Amino acid sequence: MGSLLDELARREAGVRQRIEEIREQIAGLESRLEVEEDQLSRLAITQETVEEVLGGACACRKMRPRR
């Protein structure tokens, strides 16, 4: 009976170790995801700014008479 309990304890320790490894992987992925989401946000803001500037430049050209 002792060897059965020892085997169960060994398996439990293995599962706990794998759970911890998975949690570490998840933490790493969450960190990477945050970095990528920040990058995407910055790109979206940059695109909006460029569109505003170009839109404003186009509107100014239409209003200004050509020489």
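Since the structure is predicted, the reported quantities are computational estimates derived from the model, not experimental observations.
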Donor-acceptor pairs under 3.5 angstrom involving side-chain atoms of residues 36-52: please list them, not counting sequence neighbours.
{"unit_1": "Q39", "atom_1": "OE1", "unit_2": "R42", "atom_2": "NH2", "d": "2.7"}
{"unit_1": "T46", "atom_1": "OG1", "unit_2": "R42", "atom_2": "O", "d": "2.8"}
{"unit_1": "Q47", "atom_1": "NE2", "unit_2": "E51", "atom_2": "OE2", "d": "3.1"}
{"unit_1": "T49", "atom_1": "OG1", "unit_2": "I45", "atom_2": "O", "d": "2.9"}

> Salt bridge check: are E21 and R18 linked by an N-O gap of less than 4.0 Å?
Replying inline: no
> Taking 4.0 angstrom as the limit, do E12 and R16 come out as a salt bridge?
Replying inline: yes
> Could you state the interatomic distance from CD1 (I22) to CD (Q17), rounded to the nearest 0.5 Å?
Replying inline: 10.5 Å
